[in-house]
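Keep in mind it's a predicted model, so treat the numbers as computed, not measured. The figures that follow rest on heavy atoms only: side chains count, while hydrogens, waters and symmetry mates do not.
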2 protein chains.
Amino acid sequence: MLPAIAEVFREHGYEGASLSLIGAATGLGKGSLYHFFPRGKEEMAEAALAEIDGWFEREVYAPLRDAEAPDKAIAAMFDSVDAYFRTGRRACLVGVLALGDARDRFADAIRSYFVRWVAALEAALARAGHAPDDARALAEETVAGVQGAITLARALDDPAVFARAMETMRRRATHGEH
Amino acid sequence: MLPAIAEVFREHGYEGASLSLIGAATGLGKGSLYHFFPRGKEEMAEAALAEIDGWFEREVYAPLRDAEAPDKAIAAMFDSVDAYFRTGRRACLVGVLALGDARDRFADAIRSYFVRWVAALEAALARAGHAPDDARALAEETVAGVQGAITLARALDDPAVFARAMETMRRRATHGEH
DNA sequence: CGTCTCCTGTACCGGTCGGTAAACTTTACC
DNA sequence: GGTAAAGTTTACCGACCGGTACAGGAGACG
């Protein structure tokens, strides 16, 4: 049920995600929703953010930090991210919240998501042979690039834009080493 | 008064921009608002988009297409964009709308904004000596990069992130020529 | 069978939403 | 100064908002 809730917030933003939309997406009435999330909409958004955070920690950040073959982990990240964001058809909930007025309310979760993504990617790039400064800059550029590619692909309604951007960043992260 | 309206949509999104917020931002009551925008909120958003579109057409796209020194126009674009988005402190209304559920309603305006930006930048890059394929890819990457840099800078609440991303893209657009 | 816990449907609350209507004040122009 | 248009205030509409209260239903366990 959390994925359904997350999808509503992703598509409609925090303000636009009404309890009736969430109810329709989950098949739950307001009574049930408030049974599971006594603090209401804010708690639902927190739970959705936490689930997304857990997924990225497990599927993306941890492999980037821990894999014994960092170049493989980096390649796997691009694959995971492309699949997760449906080649740019799906928005990023954290990015959506960062742009709106709910930013302050979820500031810690939003910051943590991006800080840890950049840090994990930076570490993997450094271990793959990039100079420390390059690794830092490249990681930041790549994480921002994913967000920009989502925005542009959705604006143009053209997943190919996302795919091209991802390939350019992948090349930069895997070639240019040493 | 259009800049004030645009600012409300930028900060709160289409759903979150209530008539009372718009009224407070403009100092106008609902009656006055409906006097100028008989079709209501949708017409206000269209007008805000049109004004933004006009600004970019005048200050960014036209110079990129027409300047006799394309490299100067490209450098000027980075300066204009940095100033316009307040070094990443200010969101992009068009990008915000592209991510939300108002995307379909304003699809034409959103698509046109980005299509023309990419096309104008591509033309300038080609005239500045980039190979046609490189110019196209670099233009797309740069426009997406700006959106991503805004998202990341706002998420981390750190304008320096935006500034660094802009410098990287500027270097790529002005060096690497020929 | 009884009962206790977990879950759900329904009705309702005050408030705000986008939008309308019409009486009013201000401004511009002859 | 008269008059008409432009702009504004105020009250109001039905719908929906997030949130609450509560009476049950559904199983699990005795």
Residues [X], [Y]: salt bridge by 4.0 Å N-O rule:
X: A:Arg116; Y: A:Asp53; result: yes
X: B:Arg136; Y: B:Glu140; result: yes
X: A:Arg154; Y: A:Glu11; result: yes

Exercise. B:Phe9 pairs by side chain to side chain contact (heavy atoms under 4.5 Å, CB included) with which of B:Leu21, B:Val96, B:Ile22?
Worked result: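 Output: one option passes, namely B:Ile22.
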Considering every strand and a 4.0 Å limit on heavy-atom distances, what is the contact class for [X]: base, sugar-phosphate, or nothing?
X: A:Gly40; value: sugar-phosphate
X: A:Phe36; value: sugar-phosphate
X: B:Ser32; value: base
X: A:Gly29; value: sugar-phosphate

In whole Å, what is the span from the [atom1] atom of [X] to the [atom2] atom of [N]?
X: B:Tyr34; N: C:dA21; atom1: OH; atom2: P; answer: 12 Å
X: B:His35; N: C:dA21; atom1: NE2; atom2: P; answer: 16 Å
X: A:Arg39; N: D:dG18; atom1: CZ; atom2: C1'; answer: 14 Å
X: A:Leu19; N: D:dT20; atom1: CG; atom2: P; answer: 11 Å
X: A:His12; N: D:dC16; atom1: NE2; atom2: P; answer: 15 Å
X: B:Met1; N: D:dA6; atom1: CE; atom2: P; answer: 15 Å
X: A:Lys30; N: D:dC17; atom1: NZ; atom2: C1'; answer: 8 Å
X: A:Ile22; N: D:dC17; atom1: CD1; atom2: P; answer: 11 Å

Exercise. So among A:Phe78, A:Phe56, A:Phe162, which one has a ring-ring contact (aromatic ring centres under 6.0 Å, His included) with A:Tyr84?
Worked result: A:Phe56
Exercise. Is there a donor on the side chain of B:Lys41 or the base of C:dG19 sitting less than 3.5 Å from an acceptor on the other?
Worked result: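 Answer no: no donor N or O sits under 3.5 Å from an acceptor.
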Exercise. Does B:Ser20 place a side-chain N or O at less than 4.0 Å from the phosphate oxygens OP1/OP2 of C:dC17?
Worked result: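 B:Ser20 to C:dC17 OP1/OP2: side-chain N or O found under 4.0 Å.
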